[in-house]
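Below, read A as the first sequence line, B as the second, and so on, with proteins coming before strands; counting in each chain starts at 1.
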Amino acid sequence: MNCCLCDQALRFAPSWRGIFLYEPPELLCQPCRNEFLKIIGQGCKYCGKEGEAVCRDCHYWEEHGYRDLIHSGKSLYRYNGAMKDWFHQYKFLKDVLLAQVFAKDLREALANERALIVPIPLNAEKLSERSFSQVDELLLAAGIPYSHLLEKCGETLGEKTREERMATKQLFRLNGEAVPKQLVLVDDLYTTGTTMRQAAKILQEAGAESIRILTLIRA
Amino acid sequence: MQAIEAFLTGRIWIKQFIPFPEEVIQEATEKGSARVVSGISADGQCARCLETSPDYVIPFQCATCGEVCRYCRTCIKMGRISSCTELVLWTSPALPKSAPRAFGWVGSLTPQQETASKAISESIRKQEDHLLYAVCGAGKTEILFSPIHEALQKGLRICVAAPRTDVILELSPRFKQAFPDAVIHTLYGDSPEQTGYGEIILATTHQLYRFQEAFDLLFVDEADAFPYSLDPSLERAVKKAGKPSAPVIYISATPSKTLRKQIAGHSTIFRRYHGAPLPVPVYRAMWNYEHHLRKGKLPSPLKDWIEDKLQKKQPFLLFFPSIQLIELASPLLYKIDCAIAAVHSKDPQRKEKVMQLREGALAGLATSTILERGITIPHLQVAVIGADHRVFDRAALIQIAGRVGRNAKDPTGDVIFFHNGITRQMDAARQEILFYNKEGKA
């Protein structure tokens, strides 16, 4: 096997752990793996962004009608050059295999989670065009069970400016499944938090009491 | 020729991205002029790049067609192809039309170049493969002009493929000048779209994935790695892009033994066009250079050499084995002279920096192996730092040495291998250069 990002041959590194326990084959070479930067330490309470206890974006939401909607949240990685490349190849070049790259991180973050895990969906048209749902695939690769509670309405945020994003009104509707009291919303990339706030709002109105969020990347 | 025919002849294209309305494609398919194939065949082969390895053809649950599809990772950068992707091929053959064509090249060939040029024309007439084995600076492109002009007059469709974009970009203006009335397409990673029928296609090897049975004649430049042991898909790309009977002309300064054995027709030129011998590499020990660099010290043999070149105002290239070492060395080099810059493969300003070196705005460049080919700068001097490193194989070292003394006015210059122990590859490169010089004199 070669590294799935740089296509260099992977060097096999024997370890005691590997002898006694099954380890899934490594997909990345060490230099490529090292390019990704984990978010460490306590950052923003709501989205995990490094720095202040409440980041600028989340502060805005707290002040503008979304107070205490999200109980807490976390993001796993920074949106650096390597992550941008990965994201582009995964989501836009549609390289589904790359969902496996962060399987271990997501598994560690969600393995002991008792609340219902709810991925952010994409709309039917987009799904058919992309051929896979990038959030579902991340969770599938990590072996984390999930349920969909939401459906995406027509609009997508992808090409909007920051102001347009934050002013967007209705992104989701309920799909009719029962909404539990506790849940974790999962998305791939947290940019301004519009997606998460919209999703959380509609779920709260449907009866959710404690909503936490997890995103792979904080832009 | 109909517009869609001009576009599709010889190409294999994702249906969705064909720049013609759906009805036009539909009509062509119904008439039998075009054929639609599945992106990945039932037995798991990519129809575009012919990849078959299950490491690269990956199954997944596809939401487009609702079934388990496979997609190809090898050629994914050209737009993903999966089992439910439709590819279109033009099936009606294009008939070659012979006609006299303009020839805009006015230079003259040395007797050796002339012989090679004639031998290539002869191979093309007999539809046989040929290897042009010629040293760096032998004037390989000029040798090809006359055979290509001949083929053009016969109405053949011609492809010149090279592994790197820089080479293709350099060839493009020279070809346009030599063949002023030919339709020439230049294709590489982000090239602007060229939609008509190209008679001469200059393309990076990867771009050949997009052609099928298109060419009557192919030239593969820098074919040293041929047969590509590292990337066999490129070799398949060349075969697929040519018609079954199309001859392939391989061009290399450092062909592999396999290639030399495989191909019956050979032309060799061991002498540069200006007649002077190739500069021979000199070895200079520089023990523990890596350790010194990590400690923030520039090893003194290297420092002395650089200072000498700065004093003589000669431009120089410093080849490093890895990007990490370049990063360690570049602040130290900057301290000697702020006109020494660094480039590597991921540097977006690569072209500008090379240009600055040529114009004298920069005194020297520290580089990875990316600049080992295709660079011609008058009075250039070259040093390899860590010539014993495994990235510097025989072919790479010969290419690096080949950057020096290319200009007839100054055919000499330094090629110095700073090493931490002499390797067989270094010796092989030096022996080969000495051999060329001996043969070239005879």
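- Around the CD1 atom of Ile19(A), the shell of radius 6.0 Å holds more than 12 heavy atoms that belong to other residues, nucleotides or ligands.
- Every residue was checked against the side chain to side chain donor-acceptor pair (under 3.5 Å) condition with Thr367(B), not counting sequence neighbours, and none meets it.
- Residues passing the ring pair (Phe, Tyr, Trp, His ring centres under 6.0 Å) test with Phe319(B): none are found, sequence neighbours excluded.
- For a residue to count as touching a neighbouring chain, one of its non-hydrogen atoms must lie under 4.5 Å from one of that chain's; by this rule Ile58(B) touches chain A with the side chain only.
- By the side chain to side chain donor-acceptor pair (under 3.5 Å) test, Arg350(B) is found to be paired with Asp166(B), residues two or more places apart in sequence or in another chain being considered.
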Under 3.5 Å, which donor-acceptor pairs link chain B and chain A? Put them in a table for me, please.
unit_1: Tyr56(B); atom_1: OH; unit_2: Asn2(A); atom_2: ND2; d: 3.2
unit_1: Tyr56(B); atom_1: OH; unit_2: Asp7(A); atom_2: OD1; d: 2.6
unit_1: Ala63(B); atom_1: N; unit_2: Ser131(A); atom_2: O; d: 2.8
unit_1: Thr64(B); atom_1: OG1; unit_2: Ser128(A); atom_2: O; d: 2.6
unit_1: Tyr71(B); atom_1: OH; unit_2: Asp95(A); atom_2: OD1; d: 2.4
unit_1: Tyr71(B); atom_1: OH; unit_2: Val96(A); atom_2: N; d: 3.0
unit_1: Tyr71(B); atom_1: OH; unit_2: Leu97(A); atom_2: N; d: 2.8
unit_1: Arg73(B); atom_1: NE; unit_2: Asp95(A); atom_2: OD1; d: 2.9
unit_1: Arg73(B); atom_1: NE; unit_2: Asp95(A); atom_2: OD2; d: 3.1
unit_1: Arg73(B); atom_1: NH2; unit_2: Cys4(A); atom_2: O; d: 2.8
unit_1: Arg73(B); atom_1: NH2; unit_2: Asp95(A); atom_2: OD2; d: 2.8
unit_1: Arg80(B); atom_1: NH1; unit_2: Lys94(A); atom_2: O; d: 2.9
unit_1: Arg80(B); atom_1: NH1; unit_2: Ser131(A); atom_2: OG; d: 3.4
unit_1: Arg80(B); atom_1: NH2; unit_2: Ser131(A); atom_2: OG; d: 2.6

